[in-house]
Amino acid sequence: MATLQYILKRLTLMIPTFLLVMVIIFLLVRFLPGDPALAIAGDRASDADLAAIRDRLGLNEPAWVQFWLFLTNTVQGDLGTSILMRTEVLDVVFQRLPTTAFLTVYAVGLSVLIAGPMAFVAALNRGRWPDTVIRTVFQVGLSMPVFYIGLVLLTFLAAQLRWFPVGGYGEGFVSHLYHLFLPAFTVALYTSAIILRNLRSAIIEVLDAEYVQFARAKGLPNRVILGRHVLRNALISTVTLLGLSIGNLMSGTLVTETVFAVPGLGRLMLEAIFARDYPLIQGLTLTFAVLVSLVFLLTDLFQSSLDPRMRLS
Amino acid sequence: MSDTAVSSSAPSRPSRLQLALGKPGFLIGCLIIALSTLLALMPNVFAPYDPNYIDYLAIRQPPSWAHPFGTDSLGRDSFSRVIHAYRVNMQMAILATVFALVIGVVVGALVGYYRGIADMIFGRVVDAIITFPFLVLVIAVVAVLGPGLINMYIAITMVGWVYYARLMRAEIIAQMGNDYSDAGMVMGYSDRRIIFRHLLPNAITPVLIYWMTDMALAILLGSSLGYLGLGAQPPQAEWGVLIAEGRNFITTAWWLSLMPGIAIVLTGLGFSLIGDGLADLLRPRG
Amino acid sequence: MKRTVMVAALAAATALCTPAMAQERGGTLKFARYDGSRLIDPIYADRNPDIWMVGSLFDTLLRTGSDGSSVVAGLAESHSVSEDGLSVSLTLRDGVKFANGSELTSADVVFSLDRARNLDLSPWAGLLGSIKSVAADGNTVTISLNNPDPTLLSMLATFNTGIVSKAAFDAAEGATDQEKSAAIFASASAGVGSGPFYMCDFEQGASMKFCANDNYWRMGSDGKALPYLESVDFEIIPDDATRILKLQAGEVDVAEFVPFSRVAELEADPKINMNLYPSTRIIYSPINTRDTRADGTPNPLADPKVRQAINYATNKEALIGLVLQGAGKPMTSPLMAAATPMSTGETPLYSYDMAKAQELIKEAGVEPGTEITLTTLAGSADDSTIFAALQQMWSPLGLKVNVEQVDGATRGAKNRSGEFDIHTYGWVNDVNDPSQVVGWLGYHPTRKAVGTGWNNDEFNGLFEAAAVELDPAKRAEQFAKMQDIYAEAAPLLFMYETPFAVAVSKSVEGYVQTPLGNNIFDEASVNR
Amino acid sequence: MSEAVLEINDLSLAFPISRSLADWVAGRPGKVVRALNGVSLQLQKGETLGVVGESGCGKSTLARCIVRLYEPTSGSVRHHGQDIFDASVRGDRAYNRRVQMMFQDPFSSLNPRMTTGQILSEALRVHEMRSEDQIPERVAELLDLVRLPQDAAEKLPHEFSGGQRQRIAIARALAVEPEILIADELVSALDVSVQAQVVNLLLELQERLGLTVLFVAHDLRLVRHVSNRVAVIYLGRIVEIGDSETLFSSPSHPYSQALLSAAPSMDPDDKGQKVKLEGELPSPLNVPTGCAFHQRCRFADTRCHSESPSLRPLEGRGEVACHHVEKILHNA
Amino acid sequence: MEQTPILEVEGLCTTFGRGGQTLPALRDVSFTVGEGEVLGLVGESGSGKSVTLRSVLGLARRYGEVTGSVRWQGQELITKSERDLRPIRGRDIAMIFQEPMTSLNPLLTVGQQLVETLQAHTDLSRKARRDRAIEMLDLVGIPAAASRLTDYPHQFSGGMRQRVMIAIALAASPKLLLADEPTTALDVTIQAQILDLILRLSSDMKMGVIMVTHDLGVVAQTCDRVAVMYAGRIVEQGPVRQVLRDPHHAYTVGLMQSVPEGVAPRTQLYSIPGTPPSLAHLPPGCAFAPRCAASTEACLATRPALLRVSEDRQLACFNPKNQTKGCAA
């Protein structure tokens, strides 16, 4: 009940944010150069055709009318029709969403799998060589451009060695896992570096915390100290960071999808921008905003489930 | 350990410089960035050829003594192009971040200090902007302004300042928890003096550390946009563009994309290492 | 030398000359595309990725012959043109069925042609402007014309006159024709066309699947109905490198739009046939010929001498070497590719002559250091190469070339408003007739001669006369004259023609891309 | 009767906390932390007034109100008759010059990036205490005044010990030649041996410069040592105020008694002879009705639950806020 | 008070940091604690009193090097591995910390934190552990103990939290409690309650206590014996009454006189001149010599050892001062 109330409260707080988000999207899209009518009609269209299309799209209305239309339509779940795809934006988004969601979750999962144990090893060996080696390796990971690494992995692991498929999404869960391994791994290289950095210092900080000293003084086994006291506490800041960096993660996904020919939202976004597909750009930007907000909300919920101090406020 | 942490007056602690010299990571970072800066400032000294000179007769030659990184599809010298790209990419690191830094620091300091309605509005703006994936927003802004370096800087600044401002605001508020800001008010100092003379120098450390990381990110982001065709535009030599130009030849002419790839990783690493080192060095003492 | 597929491939496309060997039947061809189709409908297809797929789903009354310019029987087994050229009658083939098994009747033909020439619906209706009415009688269809139209027969072999099922349209959901078309498309099921395939699966922007039309009327070399393939799987992979990697990894059988820089590498690949199909594609650069630029400053390019000078100063062979890695040839006709009917000129236009160029520049009195802006497509490697090369090539003229990089939509807008000096463009014919491209490039009323603002009364007059000239010889003469005028005035920087570079796995046979760009899978087969 | 330099009248301060959107929609009033609940006192010229109480009782809040770091919800603070929160005086920084404050934490009260010299000269410069060329000389004087070596001017705060830092803080406050000094737990963070040094300095300077001091602390011995008068605060109210010696030797309010008794004596033989106070300080979010102390008071009756006792003078003692003080004193 | 020592510490040295920068925090510290005895460890910040406790329990190892000897009922603890120390920690020797807020894990309920100690040291069943936990909370004076097991630390007030920590520490009935400034963060009225509690439990459970504090008052009110620490060493040790009444070491004297008790109001207090030395730069002789009025050449050059001066008392000084009587009253 309290959780439900909390969710409701968080959702109400999102309203002003989303109004602002809509304004930003609307303004951005309105300021896009190039004529959407021209994008629809193509270079060879006549001026009269263009005028007709503009009229149909309501582009001749005053800006605030257009915004109001955009707002009311969006609230009703109508994101318009994609110029590029000639279908409802919402349909296109829902068609592509699972792929991107899968890829993102997969990447996060891989990052955690990679970074988690490494962070522990590094933190417990603070200042000694395993720490130095791990930190250096991940530091390099942090500096690697996703598009280049993707390209290299694609060329050598997929095209040359044939360990993985070159592109696509596959059918079914296992196939998704197999098809999306390289893209997810590429994103994870970067994300795991961020997680490692944060988790390592969080663990170190917690290891020095008085309550861990107290736990030691109580004579608890190491396993309990690390698992129950250290990990849980260190996780909180890491989960927060993961939640907050979901935007960056999706940024990585955007590029990765392009390189790996994964038909997800990111690739669609680039295509939409290049094609001046206003409704699609609007819809996608909004989708990204909603996704990120949802992740923020989930992060908060997860956090408050871990941390009782969060539950009160 | 509480008891020893509060060690009393220590007449001769090692200076920051001494501390810095004791950190190999930081030193390597400084070395990389110093070299990169040198290359960026005078590429002509180091690059053997005009980076844009087309030689029809020397297309995609493998590395040789004459062309240490080989030549590209237009017979241009890859080595010279990678070197000349230093100018663009280092410029990217600075120009894509420095305005965001300045705007963010000022806005963050002001809203953090005054709070109130401006802070509430700021909070909403931050919420709204961080709700977008960074790249999505930057790409959208680049799309509005048109591709190209200047527009890319503007786009990254328009989005990036928020992160600085947020950090600065939090840090200012944290610093205001220290009595010296109250002491300033009690002393009857003007708000401007308290913000800019007292709070800001103390609050800026994490912002500067973030700046280093952000410069590394700016290079990554800039080259990503270059790769996607939204950043620097060919024939401009820029690492992302160079990789994009070389991506078709990754198996046949690997040197085209490998060298700029290495340059990106190295420079990014340099900034990250400096950032890490700074975080240790600038940690407030006593 | 695999580059010389040319005529043999074309012949295969026409079904007239079928190799007398047993064809592998069945199987799925996997095709990696650079861009996806949005809506494959004869009248709504307006982008090449749409247009080039229409023929696989929709048959036309006539088909383009093996020589590339004549027309042969299609859905109509015979046709005749009246003496005065004001009426054409066609007799429909018996027993042709749509993919869903329903009979194709003359009513469907009337419906389809009326739809195609409806100015309110079709962006291509202008091409059928000469038609007064279409009538059916049994399996005879009669087309009455307002005026003689030399292009009409070609038009009946063009995608936009593809025959659709009236019944399918009547049954489809939606208030307007456009909505119905979209609904039919979205349903991805057999029924609306009589082409060799029907679309059986579709994911917007990601993938598409064509399944064989069991009711297709044309016969293969084994005496059974075409197509040989069971299905074609299309996957959209915009990234050139990835598309090729997929082909090399054996995940797809065909990769289209191979960058020319990789042609040599793929030719060396023993598992791949690197095809360079001849095309009507030309790459050219419209030059702003207006007296002043959009911002009011005087336009140095308004002087034809300057335009000629930059044409002379441009080393097309070198450009072809750089951009196409040699896989192309300089334009010989100023208005069209050599593969277009009625193109004149055997020798490259304005072959490189720096001395002449410098002389012309001097005559025109252009100050050294004059700045010219080349508007290029952001992210286009070709454009950037062209820019780099032109900058280098034109510097001896004292011209300083700047670059302005924009995206496609902006470039289009600038072309319309005349806010440009020079920019790059490309063209592929949709119709097997020169009138379309000539109208686009040179006829001022169409679109201000491809936005250049060039307006020549004599040229315009010739174009209008050719539109109603039935005598092929006379018409050819008119087009020859137009080409002369155009070459002289040089409202374009004439660059080059490029083939369609398609890399095909050795296991695939019979796939062709026509000079118009159409992807023909009718007689393709895979040997696994 | 000496002159009152500062008059505090019925001062109250409530900090609103977390009034959520949901609260706002439901029309629920937000929660408030009631830090001060009607404090009145006068500060006489040249005296030291000690303020004692447990943490969270509002003593620091009071100090911060006086220097205008907090704005009270109601009540007034008058400096020579002028209300310091009056709109016309609000922006007047001269008041800040007259009334200076020193803070508890020697590690955070000095800007870590300014040298002692910069800290002192900044104060002189902003308030134009000296002409530019006289500033170095004055800085030297101030360092002398607080017994810091001259080379201290070049050093950053982290180069000093806690005691030295508090001296710098004192020097900074004195730089602007104030009339009133507010010492908020000035020596609480210091080691005992250093505490004495700072306290000595403060006493000496007060004498020499004729300062009026408000000495806020939780260490009863220290307060007793430095103060002329003492005010005991409980949950934002003064429960007892009076002459320091009288109050310490014979506290009247049950809370004062308990507080004094709880302080551990240095004499091992005093073991176990305390008035023990049960329970803990109630939350200022939820100040009890009536006498705020009634929940922990041995003498409380129903009247104490409902009626809040006001501060009233008691013969031979100071002022006490307790319904039963006479009875308690009589029985003792 | 003559008891058998349960803990004997001898020559304990702790140096923080490894390699380059090291900080000698403890040097040659020796003392004993008897059964049920309360030993005060008093000194200013940086004197090493906290480190002593952590070194005894092996918690300081992670941060540096600990040498010397710590014998617990005859067993040497210094050489024991972490694994072997575990049964002693919490079950034989327990420890409580200064900050009750930061010393309890904020993410676990009080019950969980109590029970995990029992789980580690006893064979009690789940039910018995819970009962014991309630019993412990009750014992330390937490009202409605059973219902508060599921509460989190932040739901308790400072004093209550300290009680919780004591309950956790004493859950396995240890023989020795190391109390590291247990009341410094608390108000005087609460301090009195907590000190009372510790003393009561100590005598009820026959438990020795090492009480670390900087407050001589706390020492006077709680301890049997006291050891005064300065710069990582014990400088004076003896029964509380004797040391406070008649301090021998100049530092102890100064410490006592700095407290404004029994001094005329608003007069100058005695204060020890100078500041405590930095541990990284200790003088070769007596660490207190630079601040000592009675210091001689010898004090500056050589370090006085902690020697027995009377039956119960030990002192590290060349020139014992007793010109001023220590205590008030």
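Reminder, nothing fancy here: chain letters follow the sequence lines and each chain counts from 1.
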**Q** Given that the side chain runs from C-beta out, which part of A:L207 has a heavy atom under 4.5 Å from chain E: side chain, backbone, both or neither?
**A**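 Looking at A:L207, backbone and side chain both touch chain E.
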**Q** What residue, out of E:L178, E:L57, E:L108, E:T109, has the most heavy-atom pairs lying under 4.5 Å from chain A?
**A** E:L108
**Q** For chain E, find which of A:A215, A:A209, A:P221, A:G219 contributes the most heavy-atom pairs closer than 4.5 angstrom.
**A** A:G219
**Q** Is the closest side-chain donor-acceptor distance between A:T100 and A:E257 under 3.5 Å?
**A** yes
**Q** Heavy-atom distances under 4.5 Å only: say whether E:I93 touches chain A with side chain, backbone, both or neither.
**A** backbone
**Q** Could you tell me if the side chain of E:P100 sits less than 4.5 Å from the side chain of E:F156, heavy atoms only?
**A**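 Result no, sub-4.5 Å side-chain heavy-atom pair not found.
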**Q** Mind listing the closest non-hydrogen atom pair of A:P117 and A:I114 along with its distance?
**A** CD-O, 3.8 Å
**Q** So for E:M165, is it side chain, backbone, both, or neither that comes closer than 4.5 Å to the heavy atoms of chain A?
**A**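 Both backbone and side chain.
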**Q** Only pairs of heavy atoms separated by less than 4.5 Å count here; which of E:G90, E:P106, E:A120, E:G58 has the most with chain A?
**A** E:P106
**Q** So does E:G43 get a backbone contact from the side chain of E:K49, meaning a donor-acceptor N/O pair under 3.5 Å?
**A**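 Yes; at least one donor-acceptor contact below 3.5 Å.
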**Q** Is E:L107 close to chain A through its backbone or its side chain, or both, or neither, when contacts mean heavy atoms under 4.5 Å?
**A**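 Looking at E:L107, backbone and side chain both touch chain A.
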**Q** Taking the six-membered ring for Trp, are A:Y106 and A:F102 parallel (under 30°), tilted (30 to 60°) or perpendicular (over 60°)?
**A** perpendicular
**Q** Would you please indicate yes or no on a ring centroid separation below 6.0 angstrom for A:Y211 and E:F97?
**A** no
**Q** Pick from E:Q112, E:R83, E:R91, E:E99: which one has the most heavy-atom pairs with chain A under 4.5 Å?
**A**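 Of the candidates given, the most pairs with chain A belong to E:Q112.
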**Q** Just by modelled atom types, is the A:T191 backbone N or O under 3.5 Å from a matching donor or acceptor in the A:S111 side chain?
**A**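 No; judged by distance alone, with no hydrogens or angles, the pair does not exist.
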**Q** Against chain A, work out which of E:N105, E:I96, E:L104 has the most heavy-atom pairs shorter than 4.5 Å and name it.
**A**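 Ranked by contacts with chain A, first place is E:N105.
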